[in-house]
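Chain naming here is simple, since letters A, B, ... match the order of the sequence lines and numbering starts at 1 in each. In what follows, every heavy atom counts, from backbone to side chain, and hydrogens, waters and symmetry copies are set aside. Model, not experiment: these values are computed from the prediction.
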Protein chains: 2
Amino acid sequence: MTLISVRPVPFGTGRSVPTLMIMRLSFLTGSGRRRHLDPGETLLWEGEEAIFVANVVSGVMKLSTQTSDGREQILGLAYPSDFIGRPFTETSPYSVEALGEAVVCIFRRLDFERFVHEHARLEHKLLERTLSELDKTRRWMLLLGRFNAEERLATLLLEVASRNTLPIDGNAGQFDDEQFELPMSRQQIADVLGLTIETVSRQFTKFRDEGVIMISGHRTITILRRDVLEALAT
Amino acid sequence: MTLISVRPVPFGTGRSVPTLMIMRLSFLTGSGRRRHLDPGETLLWEGEEAIFVANVVSGVMKLSTQTSDGREQILGLAYPSDFIGRPFTETSPYSVEALGEAVVCIFRRLDFERFVHEHARLEHKLLERTLSELDKTRRWMLLLGRFNAEERLATLLLEVASRNTLPIDGNAGQFDDEQFELPMSRQQIADVLGLTIETVSRQFTKFRDEGVIMISGHRTITILRRDVLEALAT
DNA sequence: CGACGGTTTGAGGGAGATCAATCTGAGTGG
DNA sequence: CCACTCAGATTGATCTCCCTCAAACCGTCG
């Protein structure tokens with residue numbers, strides 16, 4: 001939570017958008033509102049009208065979609081400074097939900113679109129962000145299409161570790177990228193990786209028994225053999 | 001092949017980019033070249049410098065990536081009028097290869113980027129195209145993460161049928177979206193769907209035996225029970 | 001005709017799903 | 001401080017879908 005104060009809250013394209021432009025956006029639209037989300041609270045519903053776009057301020061959001069018979073697939077995760085929402089389309093192609101406690105900065109989609117139209121530089125940044133999001137999504141396709149359970153979990157652990165912003169022992173400012181807290185439950189991990197909760201659990205146990213990771217209280221992970229994980233994650 | 005003459009060759013964002021702008025692009029850069037590709041010929045290599053961006057004129061291209069140990073995953077297909085390539089980045093994050101005979105209209109990436117910078121309207125169209133490509137890619141993630149073999153093939157058949165531009169019996173101008181030619185081999189279908197060739201073949205046989213499709217000479221498919229496929233594909 | 005590439009069909013095995021039982025730990029109330 | 005509860009996690013047993021390996025089939029081309 002205290003992360004907020006030490007981070008800028010860039011709009012649209014993360015760290016690379018000039019803060020000045022962000023400020024002006026807030027001014028012009030008058031709609032850049034902070035909003036707190038409880039665990040499991042949904043910001044956008046798949047198929048519903050997409051009223052908002054937003055930036056993640058703190059917490060982790062999941063983007064997900066469902067088959068007609070209710071199977072869920074997580075499409076991606078959004079971390080602080082990530083942009084979420086779908087400009088230039090009426091209905092949201094996926095749902096956006098908070099994994100844990102989260103804070104987002106929301107803008108009315110129409111205001112945002114109008115503003116983008118009038119500011120080519122922001123549009124360009126949004127384009128670059130979207131292109132790299134597309135790259136990321138395609139890498140995830142490789143995972144879903146070709147990786148086995150072990151490789152999938154290794155990839156996720158490294159991904160979360162690289163996004164890690166958890167100070168150890170409440171020691172604010174001290175970061176240790178080999179120990180971190182999982183922002184999601186086993187079930188949510190299973191959904192992200194396209195596996196079942198049992199398979200995920202067995203893989204955790206396997207990594208623990210092999211001395212690759214240490215697990216404290218389900219959610220706190222310490223990476224002991226990063227090399228092993230990296231070899232698996234390609 | 002004769003399709004070419006009856007279709008515009010829009011640049012960057014398909015049907016929605018004004019032809020005028022396309023013309024001007026060709027003029028300015030002087031590099032909008034037609035290029036013929038043989039089956040299996042690769043236009044861009046994963047990890048190599050991305051020299052080109054291009055538009056598909058005819059044929060079908062595949063975008064693919066590989067794991068470190070050589071397993072391939074197809075990331076998507078590009079049909080006539082689709083944009084391919086990755087502007088604003090040095091190296092191509094995936095390979096682009098022609099499935100069959102293909103013609104593309106290539107532009108030097110740097111020329112394209114410069115031009116985009118100077119033409120906000122084109123940039124906007126490219127952004128919209130990229131956003132919808134991202135949507136499409138995410139739908140494919142659902143397929144890879146949650147669909148079984150039957151559902152995957154049903155999805156592909158409907159996708160190809162909807163892209164179908166094959167006149168029946170050489171009767172140009174006459175289109176029948178329930179009969180079409182597959183632009184790829186069984187092996188390529190397997191790669192697209194994240195399956196093996198044997199599983200794909202068995203599914204084809206199963207659909208045929210169930211009276212869902214008709215198969216003539218491996219590649220020509222007639223959909224007899226679209227409702228069944230749609231129920232599976234969701 | 002024979003050769004060869006792509007496809008189909010068959011038999012068997014394995015990774016992960018499914019079904020089911022047990023465990024853990026945080027929260028609650030006595 | 002200790003039962004009790006309950007959701008989430010783990011472990012076990014079994015099954016199933018798809019992969020793997022292998023053989024047969026088919027159409028094309030020399």
Side-chain angles (χ1 to χ4, degrees), chain A residues 38-40 62 67 69-73 99-101 143-157 181-210 212-221 232, chain B residues 38-40 62 67 69-74 99-101 142-157 181-210 212-221 232:
Chain A
D38 291 322
K62 72 169 188 191
T67 61
D69 58 346
R71 286 169 289 175
E72 181 183 48
Q73 175 64 51
L99 282 181
E101 301 272 333
L143 178 142
L144 292 175
R146 292 285 181 233
F147 280 19
N148 62 24
E150 186 181 34
E151 294 167 329
R152 292 184 197 202
L153 186 58
T155 304
L156 183 77
L157 288 175
E181 188 131 339
L182 289 170
M184 49 200 153
S185 69
R186 295 290 187 273
Q187 181 60 62
Q188 289 166 332
I189 292 173
D191 289 334
V192 176
L193 299 179
L195 298 170
T196 60
I197 183 173
E198 295 95 330
T199 301
V200 169
S201 182
R202 280 184 246 271
Q203 279 310 322
F204 267 108
T205 305
K206 185 153 157 289
F207 280 150
R208 173 168 51 72
D209 293 350
E210 292 169 350
V212 176
I213 60 172
M214 219 173 68
I215 309 174
S216 332
H218 297 315
R219 292 260 184 145
T220 304
I221 304 294
L232 288 169
Chain B
D38 291 321
K62 74 169 189 192
T67 60
D69 57 347
R71 287 169 288 176
E72 179 184 47
Q73 175 64 49
I74 294 196
L99 282 181
E101 301 272 333
L142 178 61
L143 178 142
L144 292 174
R146 291 289 182 228
F147 281 17
N148 62 26
E150 185 181 35
E151 295 167 327
R152 291 184 196 202
L153 186 57
T155 305
L156 183 77
L157 288 175
E181 189 131 338
L182 289 170
M184 47 198 153
S185 71
R186 295 289 186 273
Q187 181 59 62
Q188 288 167 332
I189 291 173
D191 289 336
V192 176
L193 298 179
L195 299 170
T196 60
I197 184 173
E198 296 95 330
T199 300
V200 169
S201 182
R202 279 183 247 271
Q203 278 309 321
F204 267 108
T205 306
K206 184 152 159 288
F207 280 150
R208 171 167 53 69
D209 293 350
E210 292 170 349
V212 175
I213 59 172
M214 219 172 69
I215 309 173
S216 330
H218 297 317
R219 291 259 184 145
T220 304
I221 304 295
L232 287 169

Inset, instruction - Kindly say if B:His218 contacts the phosphate of C:dT8, meaning a side-chain N or O under 4.0 Å from OP1 or OP2. - result: yes
Inset, instruction - Tell me whether the OP1 or OP2 atom of D:dC18 has a side-chain N or O from B:Thr196 closer than 4.0 Å. - result: no
Inset, instruction - Provide, to the nearest angstrom, the distance between the CD atom belonging to A:Gln203 and the C1' atom belonging to C:dG16. - result: 10 Å
Inset, instruction - Apply side-chain hydrogen bond (donor to acceptor under 3.5 Å, both in side chains) to B:Gln203 and list each qualifying residue two or more places apart in sequence or on a separate chain. - result: none
Inset, instruction - With rounding to the nearest 0.5 Å, note down the distance linking CG in A:Leu195 to CG in A:Leu156. - result: 10.0 Å
Inset, instruction - Begin with the C-alpha distance, continue with both residues' side-chain angles, and end with the deciding distance and a verdict on side chain to side chain contact (heavy atoms under 4.5 Å, CB included) for A:Asp38 and A:Glu101. - result: CA-CA 5 Å; A:Asp38 291 322; A:Glu101 301 272 333; 4.1 Å; yes
Inset, instruction - Check the distance between D:dA9's P and A:Met184's CE and give it to me in whole angstrom. - result: 12 Å
Inset, instruction - Measure from CD on A:Glu198 to P on D:dG12 and round the result to the nearest Å. - result: 14 Å
Inset, instruction - Please report, rounded to the nearest Å, how far the P atom of D:dA9 is from the CZ atom of A:Phe204. - result: 9 Å
Inset, instruction - For side chain to side chain contact (heavy atoms under 4.5 Å, CB included), just list the numbers for B:Ile221 and B:Ile215, CA-CA rounded to whole Å, side-chain angles, deciding distance to a tenth of an Å, and then say yes or no. - result: CA-CA 5 Å; B:Ile221 304 295; B:Ile215 309 173; 4.1 Å; yes
Legend entry - Any residue of residues 142-155 of chain B with a heavy atom less than 4.0 Å from an atom of DNA chain D: B:Asn148, B:Ala149
Inset, instruction - Grab the CG-P distance between B:Leu99 and C:dG6 for me, whole Å please. - result: 13 Å
Inset, instruction - Would you name the heavy atoms of B:Ala190 and B:Val200 that are closest together and state the gap between them? - result: CA-CG2, 3.7 Å
Inset, instruction - To the nearest 0.5 Å, tell me how far B:Thr199 OG1 sits from B:Arg186 CZ. - result: 13.0 Å
Legend entry - Selection from C:dT9, D:dA9, C:dA17 that lies nearest to any side-chain heavy atom of B:Arg208: C:dT9
Inset, instruction - Can you sort out the partners of A:Gln188 under side chain to side chain contact (heavy atoms under 4.5 Å, CB included), two or more places apart, ordered by chain and number? - result: A:Leu99, A:Met184, A:Ser185
Legend entry - A:Arg152 CZ to A:Leu157 CG distance, which is reported to the nearest 0.5 Å: 14.5 Å
Inset, instruction - Enumerate the residues from residues 185-194 of chain A whose closest heavy atom to DNA chain C is under 4.0 Å, giving them by residue number; use none for an empty result. - result: A:Gly194
Legend entry - Range-with-range stems for DNA chain C, at least three Watson-Crick or G-U pairs under 3.5 Å: C:1-30 with D:1-30
Legend entry - Atom pair NE2 (B:His218) and CG (B:Leu182), whose distance is rounded to the nearest 0.5 Å: 11.5 Å
Inset, instruction - Report yes if a donor N or O on one partner sits less than 3.5 Å from an acceptor N or O on the other, where the partners are the side chain of A:Arg202 and the base of D:dG12; otherwise report no. - result: yes
Inset, instruction - Tell me, please, which residues at least two apart from B:Thr205 pass side-chain hydrogen bond (donor to acceptor under 3.5 Å, both in side chains). - result: none
Legend entry - Closest nucleotide among D:dA9, C:dG16, C:dA11 to the A:Ile197 side chain: D:dA9
Inset, instruction - Take A:Arg146 and B:Asp191 through the test salt bridge (charged side-chain N to carboxylate O under 4.0 Å, His left out) and record every step on the way to the result. - result: CA-CA 10 Å; A:Arg146 292 285 181 233; B:Asp191 289 336; 3.7 Å; yes
Legend entry - Heavy-atom check, side chain of B:Phe147 versus side chain of B:Leu193, under 4.5 Å: no
Inset, instruction - Nearest whole angstrom, please: distance from the C1' of D:dA9 to the CG of A:Leu182. - result: 13 Å
Legend entry - Candidates C:dA17, D:dT10, C:dT9 - which lies nearest the side chain of A:Ser201: D:dT10
Inset, instruction - Please state whether the phosphate of D:dT11, meaning OP1 or OP2, lies under 4.0 angstrom from any side-chain nitrogen or oxygen of A:Thr205. - result: yes
Inset, instruction - Rounded to the nearest angstrom, tell me the gap between atom CG in A:Leu195 and atom P in D:dA9. - result: 15 Å
